[in-house]
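Source: prediction; values computed, not measured. Chain naming here is simple, since letters A, B, ... match the order of the sequence lines and numbering starts at 1 in each.
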Amino acid sequence: MGGEGARITSLGLEGITKRFPGVLACDGVSLDVGEGEVLALVGENGAGKTTLMNILMGLYRPDEGRILLNGVEQRFRSPSDAFAAGIGMVHQHFMLVPNLTVTENVALGMRSAHRGLRLDMKAVRRRIAEVSERHGLPVQAEAYVWQLSVGEQQRVELVKTLCLGARFLILDEPTSALTPQETDELIALLKHMTRELSVIFISHKLHEVKALSDTVTILRQGRVVFRGRTADHSPADLAALMTGHEVVLPCNACADECGKPLLVARDLKVRGDRGHLALDGLELELRSGEILGLAGVSGNGQRELAEAINGLRRIESGSIELAGEAIANLGPEEVIAKGMGYIPEDRNTEGIVPSFSIKENLVLKDFGTPAFSRASFLRLGAIDGNAEALKERFDIRCPSTKTAAGSLSGGNIQKVILARELARGPKALVAVYPTRGLDMGAEEYIHNQLLARRCEGVGILLISEELEEIMNLSDRIAVIYKGRVLAVIPGKDATKARLGMLMAGVVDE
Amino acid sequence: MDLLATLQNILSIGVPFSVALLIAGLGEMFNQRAGVFNLGCEGIMAMGAFLAFLPPFFLKAGPWAAYGNLLGLAAAMGAGALLGLLFALVTVSFKAPQGIAGIGLQMLGWGAAGTLFRHFVGGVTGIEGIPTLPIPGLSKLPFLGPVLFNHSVIAYLAFLLVPASWWLLFKTPWGLKVRAVGTYPRAADTLGIDVRRIRYQALALGGAMAGLAGAYLSLCQAKMFADDMIAGRGFIAVALVYFGRWHPAGILFGALLFSLAQAFQLAVQVLGIKFPYEFAVMLPYVLVIVVLSLARKSRMLGPSALGKPFDREMRI
């Protein structure tokens with residue numbers, strides 16, 4: 001990087017306000033970061049953290065407020081202006097073009113390599129080698145991005161941002177897609193890098209905030225509610241400030257009652273979208289009245305397993321039984337009829353029909369039954385009654401049950417899905433990343449609901465990447481790696497370190 | 001009948017057939033690589049064919065006759081670029097659905113060309129057009145000479161456009177931006193690349209090339225204009241881009257395959273082989289459908305944002 005560009009001794013945001021149609025995303029937010037400092041920007045989803053950073057990067061124009069760099073007001077019209085000033089951002093969703101190579105991705109932003117119609121790839125390669133050596137970030141420069149693992153892509157993002165001359169780094173939830181090991185490595189790496197860089201670190205994982213940051217600023221609903229030194233506050237304090245109330249995530253404390261095997265998969269082989277064997281001889285046994293956590297880095301066959309169980313994906317060989325009946329390769333309708341419930345991974349496209357109203361979404365699986373239709377006419381009264389009852393019981397916050405389900409917040413959409421699935425009284429439930437992207441309040445509610453069903457005897461397969469969620473809720477934990485279950489361990493014996501090793505494919509004897 | 005002579009015949013008819021498809025297909029490739037598919041290609045070709053025909057038709061005997069063809073080419077490409085920009089306005093800025101907008105543009109170009117033709121020209125009239133330019137020496141080669149080196153200057157240009165397009169797409173900063181914008185516009189945006197500007201540029205280039213393809217049909221191939229002369233080539237060009245996996249070499253291969261099938265069916269008719277000619281005429285089109293349905297489904301290296309408008313403030 002050398003000495004090009006002036007030092008950034010301070011960066012400040014003053015009274016930033018940004019409105020989106022119907023939403024006040026940032027409401028007079030001010031921040032201050034000094035040279036070599038790490039500021040943690042903490043808040044729940046929708047608190048305005050990412051919007052604020054997009055304003056700083058020149059992606060959004062603020063409605064009010066100023067950006068000050070070394071005390072001088074800046075107007076960033078596009079990310080190029082922010083780069084020129086030495087500010088770079090690693091976005092939560094990686095901003096890498098999958099069908100370009102690593103070098104090409106860096107070249108895309110490196111204006112100095114664009115010489116008219118000539119692209120100076122040599123200069124780009126030199127730059128990548130320089131940066132990755134200096135910061136200890138090895139990357140495969142000639143590989144296509146789609147060939148890289150998530151952890152490698154994260155490194156490429158860092159290298160790219162540094163190659164573009166960043167001396168001030170914004171990291172938006174950089175660990176959200178990483179395994180625990182990769183997270184630890186990244187934090188160690190960032191600690192090293194903060195010797196010469198200033199950083200804004202966005203997260204809602206409070207132990208990472210504690211590990212990395214000097215100061216912390218908490219946003220809630222677009223406003224700064226707290227500012228202080230990280231060392232002076234415990235994670236529990238910060239969590240309460242973040243959500244506005246005490247948060248106690250429930251734990252699985254029910255007595256150990258071993259039920260009968262309910263959902264059993266034997267030697268299951270299923271192909272993924274790219275034709276490879278996504279599940280390669282998977283063995284799984286879920287008993288009634290238990291929560292079986294399936295831990296693993298996403299992309300190791302979780303999606304394919306959930307789809308195969310629910311009749312959405314054909315299996316190549318093996319068997320799946322629900323309460324003694326074979327359900328493999330049945331259609332979804334038959335699987336549902338046998339008593340399967342499903343909370344799919346992508347709640348907006350698979351869980352609901354966004355343009356349908358809440359009450360319609362609540363009967364999506366049952367509108368053909370006598371309860372909701374007669375002689376092929378819908379019984380609208382019954383559908384309304386059902387919706388009102390479920391709205392009360394599951395605390396769905398909505399203007400009315402006629403509202404389009406797609407306009408609700410993520411937490412409320414998940415409650416609609418949960419209400420539909422649980423009210424049907426399933427024997428087994430497959431819950432895929434049920435709290436992904438939700439704030440702590442919604443997470444607490446969903447965890448309580450799952451535990452309550454478990455005590456009623458429902459068998460729940462909980463697929464998640466969040467180790468804390470899995471460890472809090474599960475009776476037993478299975479670890480999936482490359483389409484196989486590597487190990488099944490009792491929930492109370494699980495440690496983060498052990499699960500993390502297993503998730504990375506390391507089986508220690 | 002001499003087999004070799006028949007083959008030479010098919011090839012030397014087929015190669016010029018492929019020129020319009022090739023130019024339009026390469027243009028459409030830039031559109032799609034940037035994330036916009038332009039079904040209006042057919043309409044732009046019709047306008048191109050008509051506007052290229054006009055100057056040589058009006059300047060036939062006048063003192064400017066020598067410039068008629070050049071003026072025609074310039075008009076066709078200029079109008080093509082403008083129609084491409086119009087399409088960009090509708091789909092990139094106003095974010096209209098691309099399929100519907102494309103059908104609209106196709107009907108606009110086709111209808112306007114036909115109407116203007118009847119208004120200003122009236123009946124079928126031939127023009128001198130652009131003569132073939134046999135390459136000295138090479139065109140006298142046995143077999144290869146007539147197949148490869150006895151065409152109009154635009155045909156040679158079209159084949160040179162294949163490596164030129166490859167170079168532009170894969171070796172220049174602009175090509176890199178086009179590929180990024182068509183695959184992951186948000187990532188390009190965070191690097192300070194103006195997604196809309198790149199899409200406008202790609203659509204203008206694609207439109208100019210579609211216009212040139214139309215001009216080839218009226219100036220070099222048919223040497224006249226009729227309002228149904230494009231005959232679906234614009235749509236075939238769009239299909240060829242998928243067929244060729246968004247790569248210039250693939251598009252060249254597809255254009256040749258289709259055109260040789262076309263030449264082959266003509267030969268079948270001319271040779272009087274007892275086979276219903278209606279089926280022979282269908283052959284090239286059926287071939288395209290079959291090949292498209294057999295083509296690899298993977299889009300790993302293609303533009304995955306194809307068909308999706310980009311909105312920076314659309315929250316994910």
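B/K171 touches chain A through its backbone: at least one of N, CA, C or O sits under 4.5 Å from a heavy atom, while the side chain does not. When heavy atoms are compared at a cutoff of 4.5 Å, A/A82 does not approach chain B at all. If you measure heavy-atom distances from A/L108 to chain B, the contacts under 4.5 Å come from both the backbone and the side chain. If you measure heavy-atom distances from A/L164 to chain B, the contacts under 4.5 Å come from the side chain alone. Interface remark: A/N105 contributes backbone atoms only to the contact with chain B (heavy atom separation under 4.5 Å). Heavy atoms of A/S80 lying under 4.5 Å from chain B belong to its backbone as well as its side chain.
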Side chain to side chain contact (heavy atoms under 4.5 Å, CB included) evaluation trace for A/H114 with B/K177: CA-CA 11 Å; A/H114 297 191; B/K177 290 179 202 169; 3.7 Å; yes

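In this structure, B/Y184 and A/N99 have side chains that are not in contact, with every pair of non-hydrogen atoms separated by 4.5 Å or more. Side-chain atoms of B/R179 and A/E104, non-hydrogen and from C-beta on, do get closer than 4.5 Å to each other.
Chain B forms more heavy-atom pairs under 4.5 Å with one residue of A/D273, A/N54, A/L96 than with any other, namely A/L96. For the options A/M110, A/R77, A/R111, heavy-atom pairs under 4.5 Å to chain B are most numerous at A/R111.
By the neighbour-count criterion of 12 heavy atoms within 6.0 Å, atom CZ of B/F170 is densely surrounded, having more than that number from other residues, nucleotides or ligands. Within a 6.0 Å sphere centred on CZ of B/R196, other residues, nucleotides and ligands contribute 12 heavy atoms or fewer.
Going from atom CG of B/L176 over to atom CE of A/M121 covers 7.0 Å, rounded to the nearest 0.5 Å. For the atom pair A/M57 CE and B/L191 CG, the distance stands at 8.5 Å (nearest 0.5 Å). Between the OG1 atom in B/T190 and the CZ atom in A/F94 there is a gap of 13.0 Å [rounded to 0.5 Å].
For a heavy-atom cut-off of 4.5 Å, chain A lies close to no residue in residues 79-101 of chain B.
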